[in-house]
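Each chain gets a letter, A, B and so on, in the order the sequences are listed, and its residues count up from 1. Computed from a predicted structure; not experimentally measured.
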Amino acid sequence: MSIKVRYFASLKELIGQAGDDCEFVSGMTVLDVWQALLPEKAMPTNVLAAINMEYVSLDSILKDEDELAFFPPVTGG
Amino acid sequence: MSIKVRYFASLKELIGQAGDDCEFVSGMTVLDVWQALLPEKAMPTNVLAAINMEYVSLDSILKDEDELAFFPPVTGG
Amino acid sequence: MIKICTSELEPYKEIEAYQIQQKKVLLGKQGAANIFIGTMRDFNEGEEVKGMTLEHYPGMTEKQLEHVVAETEAQWSLLDTLVIHRVGDVFPDDVLVLVVVWSVHRGTAFDACRFIMEALKSKVPFWKKEILSDGSRRWVDKNTDGYVELS
Amino acid sequence: MIKICTSELEPYKEIEAYQIQQKKVLLGKQGAANIFIGTMRDFNEGEEVKGMTLEHYPGMTEKQLEHVVAETEAQWSLLDTLVIHRVGDVFPDDVLVLVVVWSVHRGTAFDACRFIMEALKSKVPFWKKEILSDGSRRWVDKNTDGYVELS
């Protein structure tokens, strides 16, 4: 009963780790996961989120065993 | 005292020759040269003209020894 | 085809190899190819840059590249596309990205290649961290819009 | 550089050779290259085409290509350009034209490469005569506008 959480790039450095696990609670949103894991860190305004490698909004609801990623704006190319 | 005239592509075939010489007359225009050399051939509406390898309009005035070219719309690339 | 590349990206070798493989799709029909090659510069935002690390999100990067190509193919009639992106440690003059679009007509190839580049730069998870000449490191903040940027 | 080519045009060899020659201009600065390759198709306007002859106006063709490149360089800030056009007898899948633009930023490279292609197709004296499958020959009438063409 958990969500696998991953952080990338500057956000990984800001948080100081590459990922975490979050206990799954039915109906929890992307923002709920951030607040559960990082209660003292305000979410930067430009953070992007993905569930199972697809972009989602912060109010998206998670399912058990989902992979949730947080990362800064992309800068490839 | 002459203008060197050149024809290209489909125009060369239409006229049946690659070029011609035209006696130079002071003040003569591009159109005058066509009419002097090809009195029985109406100029096709899309013909382009160049004097010394630069595009010109049909009322441009020639100088002695100029090279005058007539050709159809370009189709390179 | 899309590909993530962890060592030197040699764009012309990649294109030639791919064209041989895709003969059936291209021969006789290919009227136009538009190719974009993005290369690492030795300066950015007024600072000399010695090197760079390209991070990505394995799995999601490929998935989002596939989405970009699918979206492009839905919008234009293309013969084929090739997108290769470098990851890991890179240095000035290393090729970072290659996009090739083959089509029957030239307008399509130009439009679609540019669309892929813009979508890649705004949607596909890659992140650049630069190493400056004094050894300090900084993350690149965000990509510019390539349709409006000034030269 | 501009060049008229009377035998097989091998675009990637040409680009690689030119890049080595132009190292001083490109190294460190080249952020973007946009490349257009035009290739002969085996059909046109509903007919199978077996071959083609590309006629040009020696002297004027080079002069007008130089004008096109100068006009492009006046409009955008570019590092370098390469334009090569094939003339003479060609067959399906032969490369007819190569345009490369190197610049610092990608928008510039895309815009300038496309501008060169459109200017080349509307202003530079080349003419195509096609050989159809029944052996008959026909002149290509006029070029389309690559900014508005449908795919």
| So, does Asn34(D) use its side chain to make a donor-acceptor pair with the main chain of Asn34(C) at under 3.5 Å? | no
Comparing Pro92(D), Pro11(D), Gly31(D) against chain C, the one with the most heavy-atom pairs below 4.5 Å turns out to be Gly31(D)
side-chain contact (heavy atoms from CB on, under 4.5 Å) for Ile37(C) and Gln30(D)? Distances and angles first, verdict last.
CA-CA 10 Å; Ile37(C) 297 172; Gln30(D) 51 178 339; over 6 Å; no
Quick note, salt bridge (Lys or Arg N to Asp or Glu O under 4.0 Å) partners involving residues 3-13 of chain C, not counting sequence neighbours, are Lys3(C)-Glu14(C), Glu10(C)-Lys13(C)
Listed by number, the residues in residues 93-101 of chain C that come under 4.5 Å of chain D (heavy atom to heavy atom) are Asp93(C)
Trp127(D) meets the ring pair (Phe, Tyr, Trp, His ring centres under 6.0 Å) criterion, sequence neighbours left out, with Phe8(B), Phe71(B)
Requested in this report: Run the salt-bridge test on Asp111(D) and Arg114(C) with the 4.0 Å N-O cut-off and return the result as yes or no.
Outcome: yes
Separation between CZ (Phe110(C)) and CZ (Phe36(D)), nearest 0.5 Å, reads 5.5 Å
Under a 4.5 Å heavy-atom criterion, the part of residues 38-51 of chain D in contact with chain C comprises Gly38(D), Thr39(D), Met40(D), Arg41(D), Asp42(D), Phe43(D)
Note to self: Test side-chain contact (heavy atoms from CB on, under 4.5 Å) on Arg106(D) and Tyr147(C); report intermediate values, then the result.
What the structure shows: CA-CA 9 Å; Arg106(D) 70 189 184 283; Tyr147(C) 285 107; over 6 Å; no
